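When a residue number appears, it is its place in the shown sequence, counting from 1. Because the structure is predicted, anything quoted here is derived from the model rather than measured.
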Amino acid sequence: MAAYIAVSALSHEGLLREQNEDSLVAGPWTLCATVTTNPQTLLFPLGPPCPVAVADGLGGHPGGEVASALVARRLAAAGPGLDGEESVREALQNCNRDVYAAAGGDPGLAAMGTTVAGLVLLEDRVVVFNIGDSRVYRIGDGALRRVSVDDSPPLPPGRRTTSVVTQTLGGSLGLTFVEPHVRSEPLAVGDRYLVCSDGLTDPVPEEELAALLDRPPAEAERADGRAAFELWKAAIEAGGPDNITLALVRVGQ
C-alpha cells in the first residue's frame with residue numbers, strides 16, 4: 001500500500017478573543033482567519049513536498065489576520081518547490097518581505113506581523129521550521145519532543161509562558177531581517193507530529209498534551225480527529241485565552 005499523510009486540523013477563536021487571527025496551511029489547502037466547528041482531516045500522498053504550518057497573527061498589532069493569511073497562502077503556493085532546508089529558509093524570508101511590503105502599502109496595517117511554525121514532509125524526511133513561538137512537536141512513546149525553537153526571552157523562575165517574542169515575520173515599522181529555525185530529520189511510516197499556535201501550549205502544559213495524545217498506533221489511526229478535538233477542548237477548559245489552531249500530522253500506510 002502507498003504511504004500517505006493524514007492531517008487533522010482545526011482553528012478556533014477561543015473564549016476571550018473577538019476574532020481569529022490564526023491561519024493554517026496543509027498542502028495546497030488553507031484556512032485563513034476562519035473558525036472551524038469541528039476538526040477537518042485531509043489526506044495527501046507521501047512523496048511530493050507537503051507543507052503543514054500554523055501562522056499566529058500578532059495580537060496588539062493591526063492586521064494580524066492579514067499577515068497570517070498572507071503567510072499561509074504563500075507557503076501553500078510555494079509548497080511544490082519546498083524540497084529541502086534551503087528552499088524552506090528562502091520561502092520564509094520571502095514571506096517576511098511580503099508581509100512588510102503589504103504593510104507598507106496600507107497605513108492601517110503598519111507593523112502587522114505573524115509567527116509561523118510547521119513541517120514540510122518529503123518522501124523519507126521532514127523539514128521542521130519556525131519563526132516566533134508557535135510550535136512543532138514530535139509525538140511518540142507517551143511523550144512530546146519539541147522540535148521547534150521558541151523565539152522568546154529566557155523565562156524567570158516559576159514562569160512557564162511568556163507573550164514576548166523576539167522574532168516574527170513582519171511586526172516592525174521597517175523591514176527587519178529574520179533567521180528562520182530550520183532543521184531536518186528522518187521520516188517513516190507511523191511518525192506523528194503536532195503543529196500548533198501558543199493558544200494551545202500556553203494554557204495546556206506539555207505533560208497534559210502528551211497524555212491526550214498517548215494512544216496505541218492502531219487507535220491513533222482511527223482517532224486523529226477525536227484527538228484534535230480533545231486538545232482543543234483542553235485549551236477551552238483551561239480558559240481559552242487566545243486563538244487555538246492545531247494540526248495533527250501522521251504518516252500512514
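- We find that Arg17 and Asp242 are joined by a salt bridge, their nearest charged nitrogen and carboxylate oxygen being less than 4.0 Å apart.
- Counting heavy atoms from C-beta on, the side chains of Thr30 and Leu75 never come closer than 4.5 Å.
- Considering OG of Ser163 and CG of Leu58, their distance stands at 11.0 Å, rounded to 0.5 Å.
- To the nearest 0.5 Å, atom CD of residue Gln93 and atom CD of residue Glu179 are 6.5 Å apart.
- Under the 4.5 Å side-chain heavy-atom criterion for grouping Ile, Leu, Val, Met, Phe, Trp and Tyr, Leu121 is not connected to Tyr4 through any hydrophobic cluster.
- For the atom pair CG of Leu187 and CD1 of Ile5, the computed distance is 7.5 Å after rounding to the nearest 0.5 Å.
- Residues Ser134 and Ser148 fail the side-chain proximity criterion, which asks for heavy atoms closer than 4.5 Å.
- Put simply, the residue from Thr115, Asp150, Asp198 that forms a side-chain hydrogen bond (donor to acceptor under 3.5 Å, both in side chains) with Arg135 is Asp150.
- Hydrophobic cluster membership is shared by Val204 and Leu15, with clusters built from Ile, Leu, Val, Met, Phe, Trp and Tyr side chains linked at under 4.5 angstrom.
- When each of Asn243, Asp22, Asn20 is paired with Ser11, the side-chain hydrogen bond (donor to acceptor under 3.5 Å, both in side chains) condition holds for Asn20 and for no other.
- With a 6.0 Å radius and a threshold of 12 heavy atoms from other residues, nucleotides or ligands, Asp141 has its CG atom at or below the threshold.
- Here CG of Asp133 is found 8.0 Å from CG of Asp151. Values are rounded to the nearest 0.5 Å.
- Enclosure of atom CD in Glu123 is not indicated, since only 12 or fewer non-hydrogen atoms of other residues, nucleotides or ligands lie within 6.0 angstrom.
- The structure places CG of Leu24 at 6.0 Å from CH2 of Trp29, a figure rounded to the nearest 0.5 Å.
- Val128 and Leu169 fall into different hydrophobic clusters, where Ile, Leu, Val, Met, Phe, Trp and Tyr residues are linked whenever their side-chain heavy atoms come under 4.5 Å apart, directly or through other members.
- Under the 4.5 Å side-chain heavy-atom criterion for Ile, Leu, Val, Met, Phe, Trp and Tyr, Ile244 and Val35 are members of distinct hydrophobic clusters.
- In this structure, Leu122 is not a member of the same hydrophobic cluster as Val249, with clusters built from ILVMFWY side-chain heavy atoms closer than 4.5 Å.
- Under a 3.5 Å cut-off, the side chain of Asp202 and the backbone N or O of Gly199 do not form any donor-acceptor pair.
- For the atom pair Cys95 SG and Arg74 CZ, the distance stands at 7.5 Å (nearest 0.5 Å).
- Using modelled atom types, one side-chain atom of Ser23 and one backbone atom of Ala33 make a donor-acceptor pair closer than 3.5 Å.
- Here the side chain of Thr168 pairs a donor or acceptor atom with the backbone of Gly170 at under 3.5 angstrom.
- One finds no salt bridge joining Lys233 and Glu230 here, because no Lys/Arg side-chain nitrogen approaches an Asp/Glu carboxylate oxygen to under 4.0 Å.
- Screening Ile131, Thr114, Leu175 against Asn96 for a side chain to side chain contact (heavy atoms under 4.5 Å, CB included) leaves a single residue, Leu175.
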